[in-house]
Each structure stands twice: as structure tokens, then as C-alpha cells.
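Counting begins at 1 with the first residue of the sequence. Every number for a ligand or one of its atoms is a count from 1 in the order of the listing.
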Amino acid sequence: MGLDAKPVFTPPLAPLPAAPDVVVIGAGPAGISAARTLLAAGLSVAVLEARERVGGRAVTVPLRGHPIDLGAHWLHSGPVNPLVALGAKQGERLRRAPGNGELFVKGRPASPAARAALGRAFDRAEVALTRGGREAQDRPAETALPPLGLYGRRVRLIHGLVSGRPLKEVSLQDFPTLDYAENWFIAGGLGAYVARLASGLPVRLGTPVTAIDWSGPGVAVETAVGRLTARAAILALPIAVLQSGAVRISPGLPEETEAAIRAFRPGIYEHVILHWPGAPFEEPDRLVTLLGTHPDPPGLLGRIDGTAFHYLELDQPLATGLDRRDPEAPGRFARRVLADQFGTKALAGLTVMGATAWRHDPWSRASWAVVPPGACASRARLKVPVGERLWFAGEALARVQWGTVGGAWAEGERAAREVVDHLTTGRKSAASAAE
Ligand SMILES: Cc1cc2nc3c(=O)[nH]c(=O)nc-3n(C[C@H](O)[C@H](O)[C@H](O)COP(=O)(O)OP(=O)(O)OC[C@H]3O[C@@H](n4cnc5c(N)ncnc54)[C@H](O)[C@@H]3O)c2cc1C
């Protein structure tokens, strides 16, 4: 089975109520958490989802009998990630991600001295980025980095990869201050876990929303199968989908909201999924750094869940560069850098299962939303509801956990709590009260 396989878990879903209090648009992590919160508060909800599955950019499919995530895989920042606490409470099998990785230089395990020097370069970068992020004036994250010697390129590459764009295009003030030190994985895949959390929710799949009208007292939402009205809507959609104009909103959004949406840039991060039983990576779930290859791959996760599967990660410059080539180009790239590192003989038994292309998927159009220098206020601005009828939710609104499933989950919950407050007590949201 290929990357288009059906997800490993399909949750049972409930039918939509005829006259919901709230319509939630998008059944990714933000939409799922919003729907759960609204239902728990006693409101009726209809969730409309464009794809034929729930979970958005978190989905787990079976590959050669193993559950493999095609999108999100890590539960980042354990202490603040709501899905880590929820998983533990529900008895999910969480495993802590190992803190240390593996380092190879031209195919050989690096010396302890080289490993220590790389570690020091990352520590120095961390201090400089954190300090720079506290300055009053925003600037490109790249400009905060001190000279980092031999490992400077590596540090820039990995930070650019996890940021979604090269550091010169990323806001320093927005640079994640989250603690990447405590990360978790979940047995059976993160996408399957997110799908389990949607069990029993009133979701209609295969129903893209094409227009939202908030000119009346509530909202009217247009889909190919008809129009749905509600008292309020939560737009739990990727920013890049909002930017594309795929959902017409009338009357038009206030200029500040429009400007905030426009400010984001598409963050790109793609997996090339490898099945390679003979890979030289030793331990399960370790980040592997390869140096001395031309070019060095920006990221690699070895022996996922102790299996023969590995992700070779593509950053924005690599992925968009490969766009000009044929669909097999990401696989050829992976083979080339691995052969360059370990020699062609070592590649015996390597199968490239495929490469993800979230950037071309009409329902995501990017891996997450990136704030460029100077646009740091955009996340907070989107928390201001429009006309006390439209709320935004999703990873892009998360200040600390942006670009993550945990951040999306927290933002879905926040938006839903505000809607509950508004509909049940008429209270204004904190963000709109502060306006
Ligand atoms: C390759 C990759 C790796 C990643 N790795 C990690 C990771 O390890 N850890 C992590 O925490 N995060 C990771 N992320 C990011 C994470 O997947 C996202 O931050 C998260 O899924 C965002 O959730 P969301 O609910 O905001 O948006 P989404 O998950 O995109 O959900 C939005 C939903 O809206 C639906 N939709 C879109 N348009 C319409 C429409 N017109 N009408 C109705 N529905 C619509 C979509 O189909 C989707 O279901 C990764 C992402 C990618 C692509």
C-alpha cells in the first residue's frame, strides 16, 4: 500500500443536528478540540470537513503493516502540550523521545568531540535566539545568530527546517521559545490518536465550505450539498486555505483581520518515507545528523518506533526546488544523499515508500503558517472574533506552540470557550474586550 492508503483508524461519527448553535469548519486537531469543548458545554455543533477523513495534517496510514504518520508525528513540548496530558489520562501508550541523536560524518559515527562541538553550537544559537527575541525591535531570526564555526550551517539548516522557512524569512520575536527538550511519541501514530479523539463527533466528511455569510444575525455556511445556518462559526482552517480565497467570506473581513491572514508565509516541511532494514542507524526514534554529504539532508528520523521506517525530511528550499522536477525526484534525492554518505552498497534493501506533498494539497497548501519578520502581532490579531460571530482557530494562532498539533488543539479549545461564553452569557471574548 502507498501513501494514499486509508487511515489506520476511522472514527465513528454522528449525524449533524438540523439547527446547530455553532458550525465548526475543518475537522483537524483545532476543529476536533473545538467541537468537543462546545459539546461538553451543552451546545449543539455541526462540523464540516472537506476531506473524506478527519485529522487534517495529522494522519496515520498502514505501510507494510506499520502505522506511519504522513503529517505530524511528534508531540512536542510535553509540559505544555494538552494532548500529552490528555493521552496520559486516557491511558494512551506514550513514549518519551530520546534526548540525544546520532551523528555521522561522511558515513562514519562522529567522535565524541565532534558531537560535543555540535551540541555547543546549538546551545550558543539557542541563547542568542532567545535573547534576540526579547528585543523591542523584530528582525529576521538569522541576524541573531553569532558566528558558529564549523557547525553554523548545520544549526541554520535544522532551525530553518523546523521553522518551515529559512531563518532569514522568520520573525525573531516569533521564534519558538517552547521547550523542545521534552517530546513524546504515541503508540499507533499521532494521526490515529487525533482521529480517536473525534469519535462520536457530529462531522460531515467530504463537505468543503465554499462561502460564509455573516451579514445576518448569525452565520450561513455554503457547501456543495447546501447551506447550514448557526449562531456562530469557528473557522479551524489552515491559514494558507484562507489566503487562497477558497472560502468566500461576506461581508469582507475587517482590514486588520485580512492583513493578519495575509501576513503569514507558507511553512514547508515534507517527509520522504524510507523503508530501509539495513540502515546504519542504531537506536529507535533518534534524530540522525548527516554531515559531509552534498548537500547535507536537513533532517532525518531513524528507526521510527523501532521499525525499518525512517523519515528523511525536506525543508522549504529543497521541497520547492524539487517541485520543478518529476514526482520521483524526492526519492532520487534521498537515495543520492544516502549513497553519498554511506556508499551505494549500503542502500541494498532501501525502498522509498513515497514523499508527502502537503504544500500541494488543496486542503492544507502548507505544513504550517510562518510569521515573517515584523508580523509578530498576526497570531494575536486573529484571536479577535469578527462581529462576535466568526472565531478563528488553528495552529497559526498559537503563540508558543505554533505549527503543532498541541497548539492547534489549545486554540480550538480557546475559541470554543469564548463562543460558549458569548452564546450562554453574552460575555465578550478577552481579545475583543481588549480592542
Ligand atoms: C509533514 C508534516 C509534519 C509535521 N510534524 C509535526 C509534528 O511532528 N508535531 C506537531 O505537533 N505538528 C506537526 N506538524 C504540524 C501539524 O500537523 C499542524 O500544526 C496541525 O495539524 C494543525 O492543525 P489545524 O487543526 O490547525 O489544521 P489542519 O490539521 O490542517 O486541519 C484543518 C482541517 O480543515 C479542513 N479544511 C480545509 N479547507 C476546508 C474547507 N474549505 N471546508 C471544510 N474543511 C476544510 C482540512 O481538510 C483539515 O481537516 C506537521 C505538519 C506536516 C505537514
>> If the cut-off is 4.0 Å to any non-hydrogen atom of R51, which atoms of ligand 1 fall inside it?
In response: 46 (C), 47 (O), 48 (C), 49 (O)

> Hey, is the main chain of L190 close enough, under 3.5 Å, to the side chain of W74 for a donor-acceptor pair?
Replying inline: no

> Counting heavy atoms only, which part of A408 comes closer than 4.0 Å to ligand 1: side chain, backbone, both or neither?
Replying inline: side chain

> Taking NZ, NE, NH1 and NH2 as the nitrogens, is one of them in E222 or R248 under 4.0 Å from a carboxylate oxygen of the other?
Replying inline: no

>> Under a 4.0 angstrom heavy-atom cut-off, which atoms of ligand 1 come close to Y269?
In response: 1 (C), 2 (C), 3 (C)

>> Looking only at the side chains, is there a donor atom on one of H310 and R303 sitting less than 3.5 Å from an acceptor on the other?
In response: no

>> Can you tell me if P29 contacts ligand 1 (heavy atom of the residue under 4.0 Å from the ligand)?
In response: yes

> Within the distance-only criterion (no hydrogens, no angle test), does the side chain of S163 pair as donor or acceptor with the backbone N or O of G160 below 3.5 angstrom?
Replying inline: no

> Hey, do the aromatic rings of W276 and F281 have their centres closer than 6.0 Å?
Replying inline: yes

> Which part of W74 is near ligand 1, with near meaning a heavy atom under 4.0 Å away: side chain, backbone, both or neither?
Replying inline: both

>> On a heavy-atom basis, I'd like to know which of G71, A50, S33 is closest to atom 3 (C) of ligand 1.
In response: G71

> In the protein, what heavy atom is nearest to atom 26 (O) of ligand 1, and what distance, to one decimal place, separates them?
Replying inline: E395 N, 2.9 Å

> Does any pair with a residue in residues 48-71 pass ring-ring contact (aromatic ring centres under 6.0 Å, His included), and if so which ones, sequence neighbours excluded?
Replying inline: H66-F309

>> Can you name the atoms of ligand 1, numbered from 1 with element, that are less than 4.0 Å from a heavy atom of G56?
In response: 28 (P), 29 (O), 31 (O), 48 (C), 49 (O)

> Which bit of V247 gets closer than 4.0 Å to ligand 1, counting heavy atoms only: side chain, backbone, both or neither?
Replying inline: side chain

> What part of A236, side chain from CB on, backbone N/CA/C/O, both or neither, has a heavy atom under 4.0 Å from ligand 1?
Replying inline: backbone

> Which heavy atom of P202 sits nearest a heavy atom of V45, and at what distance?
Replying inline: CG-O, 3.2 Å

>> Applying side-chain hydrogen bond (donor to acceptor under 3.5 Å, both in side chains), can you list everything that pairs with S44, at least two apart in sequence or on another chain?
In response: D21

> Under 4.0 Å from any heavy atom of G26, which atoms of ligand 1 are there?
Replying inline: 33 (C), 34 (O), 35 (C), 44 (N)

>> For ligand 1 and W358, I'd like to know whether there is a polar contact (N/O to N/O, distance under 3.5 Å).
In response: no

>> Please classify the T404 to ligand 1 contact at 4.0 Å (heavy-atom distances, strictly less than): side chain, backbone, both or neither.
In response: both

>> Heavy-atom distances under 4.0 Å decide this one: backbone, side chain, both or neither, for V54 against ligand 1?
In response: neither

> Which word best sums up how the rings of F175 and H159 line up, parallel for under 30°, tilted for 30 to 60°, or perpendicular for over 60°?
Replying inline: perpendicular

> Which part of E411 is near ligand 1, with near meaning a heavy atom under 4.0 Å away: side chain, backbone, both or neither?
Replying inline: neither

> Applying a strict 4.0 Å limit to heavy atoms, is P208 in contact with ligand 1?
Replying inline: yes

> Just one of L242, I234, I239 clears the side-chain contact (heavy atoms from CB on, under 4.5 Å) bar with F392, so which one?
Replying inline: L242

